[in-house]
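Have a look at the structure below, then the notes.
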Amino acid sequence: MWNLARKSRIMTCLSTAHHSSLPPIFNASNLRNPSRSPRSPLSKLSPFSPYLSLSLSPSLVLPSYLTTNSTANKSTRLSAQGFLLPSSSLAIRSFCSKGSGRMGDRVIQNPDSISYLGQREAAEIDELLMGPLGFSVDQLMELAGFSVATSIAEVYKAGEYNRVLAICGPGNNGGDGLVAARHLHHFGYKPVVCYPKRTPKPLYSGLVTQIESLSIPFLSVEDLPSDLSKDFDILVDAMFGFSFHGTPRPPFDDLIQRLVSLRHYDQAHQKSPVIVSVDIPSGWHVEEGDMGGEGIKPDMLVSLTAPKLCAKKFCGPHHFLGGRFVPPSIVDKYNLRLPPYPGTAMCVRIGKPPKIDISALRENYISPELLEERVEADPIHQFRKWFDDAVAAGLKEPNAMALSTVGKQGKPSSRMVLLKGIDKDGFVWYTNYESRKARELSDNSHASLLFYWEGLNRQVRVEGSVQKVSDEESEQYFHSRPRGSQLGAIVSKQSTVVPGRHVLHQQYKELEEKFSDGSMIPKPKHWGGYRLQPELFEFWQGQQSRLHDRWFSSHL
Ligand SMILES: NC(=O)C1=CN([C@@H]2O[C@H](COP(=O)(O)OP(=O)(O)OC[C@H]3O[C@@H](n4cnc5c(N)ncnc54)[C@H](OP(=O)(O)O)[C@@H]3O)[C@@H](O)[C@H]2O)[C@H](O)CC1
Ligand SMILES: [K+]
């Protein structure tokens, strides 16, 4: 059965339940704490029940530590806002850090703790890098331009901000712009380059050839539209970097003025392109900033190597650092304090991310259609197909699923768990048989699973009834786990209050010693698996303008 949904999907996960024992129909989140408030702004979203698993004001505050049943298996406590936070600093770090995903721009730095370079120091560092430190200008430019492109991609998604104009100057700053334009093309943007004062050196002519070979158009200043606001979503300002001096000469004086005049569109509430400045907002004094107050006001500044002094005057919402190539000798010599780059990222946000209007957060999903003739007849096969896609796409924990259960009183609760097996009989996961979800499942065997594969714009809901797996199955899986997880399962009394993390650590240590000879760790009685036998599937594929594709399939 097909349904083109014409309503917005609620991305904050919302679980609802009848008071009867019917399964939850909307689902999923690791946000918890049911609100009783009939005036909750969310209550109108549920046609069935005032009980919701998302709340803005906590009605339940626990005095101490909880052991948790989350996938991270870490102790958590309730924050003042009512959200569960990891309680150890290690856990907090891992919460903030980024692999190669989108968490990277959430790393918050204190701008006062960062070093800023003067013009002379910046030039000196450049010389050191390209002299005794063995770098070539090509290398540094490639890394610099790449980090500009990744910074842009962190904030301005190609689906919404597709049309890019890179305005490139005569020096290395312009070279960074050429490199960034090439990478943006590969990231799915549609760049156009304006490069009026070309430098006749092999490095630059090579960059031009590379861009031409990708059929990225070059536009002369004369061919640029007089009103840049209509044709572009992003303007990359790569005219001048740290060697700028004096006042801009033609044709850059006029180009800079065109960027300045875009502010008037903003004031008239018309959509205007965002300005991304590379290293220095062009025309600004490298140390003093926008001295007359009449210069470019970029929305994003990507500082390279280290921010220059003028960056202290940057007031736009997005300040990033790129150029992940600074060796310790430079850090020591210039006493540089720079933020660490998370994971494999080529850029890191400096300063706090801007306050976001939550109501304005939205993605325009661009995905292939979910065509009926291509869907597998058996929904379990279709699930496998999508699951394999999620694995192939390199998504982190594609087996993470929100499990929603409903207790005796009809109140839903959701948490993330990890899928550990799937076959024709259903979906299997393992947990503590004394946890809240276990209690709820023994009261009401109906449950719902929700998979969300961000990046593929896909979601799968699975509803059905749940039984414990056989003891042999649990035993077999238990002994396949790392020994540390086996010990953790013994120690962790889920959904109970413990006096503190130290108690868990102590018990863990004792068990570690007890089994240090490598002997078999017995599976505790309170630990085992569940299998949800699916009765209903819904496959959801996000599409543009909220015209999403859904495929329902019952499996009885
Ligand atoms: N180590 C690093 O941090 C790296 C930085 N990179 C990037 O390189 C720039 C600095 O590059 P550089 O070539 O030294 O200088 P600029 O790109 O800023 O510009 C120099 C050209 O601009 C002309 N210029 C200067 N002032 C004016 C003006 N008022 N009007 C017009 N033209 C001007 C200048 O001509 P002159 O005749 O005046 O000398 C030059 O032609 C840095 O900011 C980073 O973006 C590397 O890519 C990687 C390593
Ligand atoms: K610039």
Side-chain angles (χ1 to χ4, degrees), residues 115-131 133-149 151-152 165-181 183 194-201 203-204 207 221 235-257 259 275-287 289-291 295-311 314 316 320-327 330-331 333-334 336 338 346:
S115 305
Y116 293 80
L117 299 174
Q119 191 166 28
R120 192 181 49 78
E121 285 174 310
E124 258 178 38
I125 291 177
D126 215 23
E127 281 165 27
L128 283 173
L129 286 168
M130 286 186 272
L133 289 166
F135 285 95
S136 68
V137 62
D138 311 39
Q139 270 184 298
L140 297 177
M141 196 175 279
E142 189 63 30
L143 291 168
F146 186 47
S147 47
V148 170
S151 304
I152 290 174
L165 171 66
I167 309 176
C168 301
N172 290 349
N173 195 263
D176 295 349
L178 296 173
V179 173
H183 287 292
C194 175
Y195 185 31
K197 290 272 173 206
R198 303 190 180 192
T199 310
K201 283 187 186 166
L203 166 60
Y204 296 96
L207 291 174
V221 177
L235 302 174
V236 178
D237 153 31
M239 288 178 263
F240 303 120
F242 61 61
S243 298
F244 175 76
H245 48 88
T247 51
R249 300 190 293 272
F252 298 105
D253 51 351
D254 168 57
L255 288 168
I256 288 174
Q257 277 318 307
L259 300 195
I275 300 175
V276 178
S277 286
V278 178
D279 208 20
I280 310 280
S282 297
W284 282 26
H285 189 282
V286 175
E287 297 187 349
D290 183 14
M291 289 170 77
I296 297 178
K297 303 261 182 295
D299 301 274
M300 174 185 259
L301 172 63
V302 185
S303 293
L304 295 167
T305 308
K308 316 302 172 297
L309 279 167
C310 67
F314 171 70
F320 278 68
L321 178 67
R324 193 177 184 176
F325 45 64
V326 184
I330 296 278
V331 173
K333 183 168 161 66
Y334 292 89
L336 293 183
L338 298 174
M346 291 306 292

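Because only heavy atoms are used, hydrogens play no part in the values below, and waters and symmetry mates are left out as well, while side chains stay in. Whatever order the structure lists them in is the order used to number ligands and atoms, beginning at 1.
- Judged by distance alone, with hydrogens and angles left aside, the side-chain atoms of Asp279 form no donor-acceptor pair with the main-chain N or O of Asn173 at under 3.5 Å.
- Atoms of ligand 1 found under 4.0 Å from any heavy atom of Asn173, numbered from 1 in the order shown, are 8 (O), 9 (C), 11 (O), 17 (O), 43 (O), 45 (O).
- For the pair Gly241 and Val286, the tightest heavy-atom approach, listed with the atom from each and the gap, is O-CG2, 3.9 Å.
- Distances from atom 11 (O) of ligand 1 to the heavy atoms of Val326, Asn172, Asp253 show the closest one on Asn172.
- In terms of modelled atom types and a separation under 3.5 Å, the side chain of Asp299 and the main chain of Ile275 share a donor-acceptor contact.
- Within the 3.5 Å criterion, the main-chain N or O of Ala144 finds no donor-acceptor partner in the side chain of Asp176.
- With Phe244, Phe135, Phe242 as candidates, the residue nearest to atom 28 (C) of ligand 1 on a non-hydrogen basis is Phe244.
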Check the pair Asp253 / Thr247 against side-chain contact (heavy atoms from CB on, under 4.5 Å), numbers first and verdict last. CA-CA 8 Å; Asp253 51 351; Thr247 51; over 6 Å; no

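- Geometry about the K ion (ligand 2) gives an angle of 170° between OG of Ser282 and O of Val278, rounded in steps of 10 degrees.
- Which parts of ligand 1 touch Leu140 is read off a 4.0 Å heavy-atom cut-off, strictly below it: atoms 48 (C), 49 (C).
- Looking from atom 38 (O) of ligand 1 to the surrounding protein, the closest heavy atom is His245 NE2, 2.9 Å.
- Formation of a donor-acceptor pair under 3.5 Å by the Ser282 side chain with backbone atoms of Phe240 is found in this model.
- Restricting Asp237 to its N, O or S atoms, the one at the least distance from the K ion (ligand 2) is O.
- Under the 4.5 Å side-chain criterion, counting only non-hydrogen atoms from C-beta, Tyr204 is not in contact with Arg198.
- Within the listing of ligand 1, atoms 44 (C), 45 (O) sit less than 4.0 angstrom from a heavy atom of Leu304.
- Each of the atoms 1 (N) of ligand 1 lies under 4.0 Å from some heavy atom of Leu129.
- Atom 24 (N) of ligand 1 has Phe240 CE2, 3.9 Å as its closest protein atom, hydrogens excluded (heavy atom only).
- Taking every non-hydrogen atom of Thr305 and a distance limit under 4.0 Å, the qualifying atoms of ligand 1 come out as 1 (N), 2 (C), 3 (O).
- Using the six-membered ring where Trp is involved, His183 and Phe146 have ring planes that are tilted, between 30° and 60° apart.
- A distance-only check finds a donor-acceptor pair linking the side chain of Glu287 to the backbone of Gln119 [under 3.5 Å].
- Contact atoms of ligand 1 toward Pro248: 29 (N), 30 (N) (distance under 4.0 Å to a heavy atom of the residue).
- Contact annotation: the side chain of Leu133 approaches that of Pro327 to within less than 4.5 Å [non-hydrogen atoms, C-beta and beyond].
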Kindly determine whether Met239 and Phe244 satisfy side-chain contact (heavy atoms from CB on, under 4.5 Å), including the steps that lead there. CA-CA 9 Å; Met239 288 178 263; Phe244 175 76; over 6 Å; no

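- Tyr195 has its side chain out of reach of Leu207: every pair of non-hydrogen atoms, C-beta onward, lies at least 4.5 Å apart.
- Atoms of ligand 1 lying under 4.0 Å from at least one heavy atom of Asp279, given by number and element, are 42 (C), 43 (O), 44 (C), 45 (O).
- Using a 4.0 angstrom heavy-atom cutoff, Gly169 does not count as in contact with ligand 1.
- Contact annotation: Pro281 places no N, O or S atom under 3.4 Å from the K ion (ligand 2).
- Atom 12 (P) of ligand 1 has as its closest protein heavy atom Ser243 OG, 3.5 Å.
- With ligand atoms numbered from 1 in the order given, ligand 1 contributes 16 (P), 17 (O), 18 (O), 43 (O) to contacts under 4.0 Å with heavy atoms of Gly241.
- When side chains are defined from C-beta on, Leu117 counts as touching Leu336, because their heavy atoms get closer than 4.5 Å.
- When only non-hydrogen protein atoms are considered, atom 41 (O) of ligand 1 lies nearest to Pro170 CG, 3.5 Å.
- At a 3.5 angstrom cut-off on N or O pairs, Thr247 counts as close to ligand 1.
- Counting only heavy atoms, the protein never gets under 4.0 Å from atom 34 (C) of ligand 1.
- Compare Leu117, Ile280, Asp176, Val148 by their heavy atoms: the one nearest to atom 45 (O) of ligand 1 is in Asp176.
- Contact of the Ile167 side chain with the Leu259 side chain is registered, since non-hydrogen atoms from C-beta on lie closer than 4.5 Å.
- The protein atom (non-hydrogen) at minimum distance from atom 1 (N) of ligand 1 is Asp126 OD1, 2.8 Å.
- With the K ion (ligand 2) as the vertex, O (Ile280) and OD1 (Asn173) define an angle of 140°, rounded to 10°.
- With hydrogens left out, the protein atom closest to atom 36 (P) of ligand 1 is Arg249 NH2, 3.7 Å, a heavy atom.
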